[in-house]
Amino acid sequence: MNTRRAVVTGGAGFLGSYLCERLLARGATVICMDNFLTGSPRNVDHLLGRPAFRLLECDLTGFVHVPGDVDLVLHLASAASPADYLRHPIETLKVGSLGTLHALGLAREKNARFVLASTSEVYGDPQQHPQTETYWGNVNPVGPRSVYDEAKRFAESLTTAYRNTHGTDTGIVRIFNTYGPRMRPHDGRAIPTFIRQALCGEPLTVTGDGSQTRSICYVDDTIEGILALAGSDFPGPVNIGNPTEITMLDLARTVIELTGSASPIRFIDRPADDPAVRCPDTTLAATRLGWRAEVGVTEGLRRTIAWFEAELRRTEELVG
Ligand code: NAD
């Protein structure tokens, strides 16, 4: 990749902070823009002293100005965890619409490549399995999850309109559930919740009967996939995810085993419109980007558990 100067919106979040790191390692100058709604300057603390790194506190839904040249805009700003976007429904719709408009405007002004971090949630509760990029999805437009799903669907549409109308060099990546170090232990997503519960000796709360599936991708793999799309001229949309499918109950059991926890499993109500299955068809990523996920679930979970253990000790949630 020949990126010299990149903007990462949502760069102080989980995925954004890794992208800032990797772009710096590849010799780019990085401007990280974030309003810290769900991210934290702590995620990029280790980058702050570098001359090639700048952290700008800014809300993408307002006026956006970046002086100088930019070759790449990676647009990740948006709450991503269901607990976060249900707590911030209007902010989520605003950043998906106005925020994406402003990020696209920046890319157009600078003649930069633009990559939208979209999501497997555009497929909703899918009636096609596994999901290919040609599947249009099954989303309830007035359901509780719609604030996120429809914001991302709108963002994909806007991105496509900029490409077709203004000739902006755009790419859309549909990211499937990603996990790894730097997730917030209380962000409400299944993996941080299970790991925290297992390490703290609390019951693991599995929703429904636990037979619903997800495909979970280790963060290093997802980041390589996003950068592969950024470094290409492929418009996508392209699925980036690990096609190994696991039920929520098996995931909870695996976390218990890997942490050596004595925690029991407790079944709780399943949220409205929770997808029954989720698995990417990654043929397109393999053929167009030469990318596939490489880190297995056990290895990825081991690395994540080690980080969570240290993090929970730091915050004194875990003692002894
Ligand atoms: P995150 O919540 O850790 O990061 C999102 C970042 O965006 C945060 O730092 C937040 O403060 C920032 N942000 C939110 N609204 C903003 C605004 N108006 N202006 C500026 N910054 C704003 O979430 P994440 O897991 O790192 O997800 C990053 C992106 O990837 C999101 O767009 C998400 O939809 C997408 N994605 C993530 C996953 C996943 O499994 N992590 C899956 C699919 C898609």
Side-chain angles (χ1 to χ4, degrees), residues 7-21 31-44 55-64 66 73-103 106 115-123 131 145 147-156 159 172-192 214-223 225-226 229 237-242 275 278 280 293 300 304:
V7 166
V8 182
T9 78
F14 167 49
L15 295 182
S17 61
Y18 284 95
L19 285 166
C20 292
E21 229 171 73
I31 299 154
C32 167
M33 301 173 94
D34 206 298
N35 69 349
F36 310 128
L37 180 73
T38 56
S40 160
R42 221 182 102 75
N43 285 332
V44 288
L55 173 60
L56 294 183
E57 181 169 359
C58 117
D59 188 331
L60 257 283
T61 64
F63 176 68
V64 174
V66 175
V73 177
L74 295 179
H75 179 44
L76 282 93
S78 169
S81 140
D84 287 336
Y85 63 69
L86 292 174
R87 206 170 23 246
H88 302 289
I90 309 288
E91 289 91 336
T92 304
L93 283 158
K94 280 176 77 175
V95 74
S97 53
L98 292 173
T100 303
L101 184 73
H102 295 148
L106 178 69
V115 172
L116 171 70
S118 185
T119 168
S120 57
E121 300 288 337
V122 299
Y123 300 125
Q131 294 81 55
R145 300 173 76 99
V147 296
Y148 181 67
D149 302 5
E150 297 291 16
K152 290 290 184 180
R153 289 168 69 96
F154 175 86
E156 287 200 9
T159 301
I172 297 172
V173 54
R174 291 185 180 151
I175 304 167
F176 281 65
N177 291 39
T178 298
Y179 69 100
R182 247 179 248 166
M183 292 183 94
R184 284 173 294 135
H186 291 274
D187 89 353
R189 294 185 256 200
I191 292 179
R214 294 294 181 271
S215 303
I216 56 171
C217 193
Y218 188 66
V219 62
D220 288 356
D221 282 334
T222 298
I223 295 302
I226 297 171
L229 178 67
V238 61
N239 291 338
I240 291 294
N242 188 326
R278 189 54 72 66
T304 309

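Atoms within a ligand are numbered from 1 in the order they appear, just like the ligands themselves. Computed from a predicted model, the values in this text were never measured in an experiment.
Here the side chain of Asp221 pairs no donor or acceptor atom with the backbone of Gly241 at under 3.5 angstrom. Looking at Arg278, its side chain never comes within 3.5 Å of a backbone N or O of Ile216 through a donor-acceptor pair. Although no hydrogens or angles enter the test, the distance criterion places no donor-acceptor pair under 3.5 Å between the side chain of Thr119 and the main chain of Arg174. Here the side chain of Asp34 pairs a donor or acceptor atom with the backbone of Ala12 at under 3.5 angstrom. Looking only at distances, no side-chain donor or acceptor of Ser78 sits under 3.5 Å from a matching main-chain atom of Ala80.
Counting atoms of ligand 1 from 1 in the listed order, those under 4.0 Å from a heavy atom of Leu76 are 28 (C), 29 (C), 31 (C), 32 (O). Interface of Lys152 with ligand 1, defined as ligand atoms under 4.0 Å from a residue heavy atom, comprises 31 (C), 32 (O), 33 (C), 34 (O). Near Phe36, meaning under 4.0 Å from one of its heavy atoms, ligand 1 places the atoms 11 (O). Numbered from 1 in the order shown, with element, the atoms of ligand 1 that lie under 4.0 Å from a heavy atom of Leu60 read 17 (C), 18 (N), 19 (N), 20 (C). Shown in contact with Ala12 at under 4.0 Å from a heavy atom are these atoms of ligand 1, numbered in order with element: 9 (O). Near Gly39, meaning under 4.0 Å from any of its heavy atoms, are these atoms of ligand 1: 8 (C), 9 (O), 10 (C), 11 (O). Near Leu15, meaning under 4.0 Å from any of its heavy atoms, are these atoms of ligand 1: 26 (O), 30 (O), 37 (C), 41 (N). Close approach of ligand 1 to Asn177 (heavy-atom distance below 4.0 Å) involves ligand atoms 40 (O).
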### Message
Between Tyr148 and Asp84, does the side-chain hydrogen bond (donor to acceptor under 3.5 Å, both in side chains) criterion hold? Intermediate values first, please.
### Response
CA-CA 10 Å; Tyr148 181 67; Asp84 287 336; over 6 Å; no

### Task
Evaluate side-chain hydrogen bond (donor to acceptor under 3.5 Å, both in side chains) for His102 paired with Thr61, printing each intermediate quantity in order.
CA-CA 7 Å; His102 295 148; Thr61 64; over 6 Å; no

### Task
Verify side chain to side chain contact (heavy atoms under 4.5 Å, CB included) between Phe36 and Leu55, making sure each step is shown before the conclusion.
CA-CA 11 Å; Phe36 310 128; Leu55 173 60; 4.1 Å; yes

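Judged as a salt bridge (Lys or Arg N to Asp or Glu O under 4.0 Å), and not counting sequence neighbours, the contacts of Asp187 are Arg189. Listed by chain and number, the residues in a ring-ring contact (aromatic ring centres under 6.0 Å, His included) with Phe176 amount to none (sequence neighbours excluded).
Residue contacts with ligand 1 for Ser81 are absent, since no atom lies close enough (heavy atoms, distance under 4.0 Å). Neither the backbone nor the side chain of Tyr179 has any atom closer than 4.0 Å to an atom of ligand 1 (non-hydrogen atoms only). At a 4.0 Å heavy-atom cut-off, ligand 1 does not touch His75 at all.
Of the candidates Ser120, Ser78, Gly10, the one placing a heavy atom closest to atom 5 (C) of ligand 1 is Ser78. Of the listed residues (Tyr85, Phe176, Phe14), the one carrying the non-hydrogen atom nearest atom 3 (O) of ligand 1 is Phe14. When Leu116, Asp59, Thr38, Asn43 are checked for heavy-atom proximity to atom 10 (C) of ligand 1, Thr38 turns out nearest.
Closest to atom 40 (O) of ligand 1 among all protein heavy atoms lies Thr178 N, 2.8 Å. Nearest to atom 4 (O) of ligand 1 among the protein's heavy atoms is Gly13 CA, 3.5 Å. Ranking protein heavy atoms by distance to atom 12 (C) of ligand 1, first place goes to Asp34 OD1, 3.4 Å. Ala80 CB, 3.5 Å is the protein heavy atom nearest to atom 23 (O) of ligand 1. The protein heavy-atom contact nearest to atom 33 (C) of ligand 1 is Tyr148 OH, 3.4 Å. The protein heavy atom nearest to atom 39 (C) of ligand 1 is Arg189 NH1, 3.5 Å. Ranking the protein heavy atoms by distance from atom 44 (C) of ligand 1 puts Ser118 O, 3.3 Å first. The closest protein non-hydrogen atom to atom 22 (C) of ligand 1 is Asn35 OD1, 3.0 Å.
At least one heavy atom of Cys58 sits under 4.0 Å from some atom of ligand 1.
Put simply, the residue from Glu156, Lys152, Arg153 that forms a side-chain hydrogen bond (donor to acceptor under 3.5 Å, both in side chains) with Ser118 is Glu156.
At a threshold of 4.5 Å between non-hydrogen side-chain atoms, the residues Ile226 and Leu19 count as touching.
Summarising the geometry, atom OH belonging to Tyr18 is positioned 11.0 Å from atom OG1 belonging to Thr178; distances are rounded to the nearest 0.5 Å.
A side-chain donor from one of Tyr123 and Asn239 sits under 3.5 Å from a side-chain acceptor of the other.
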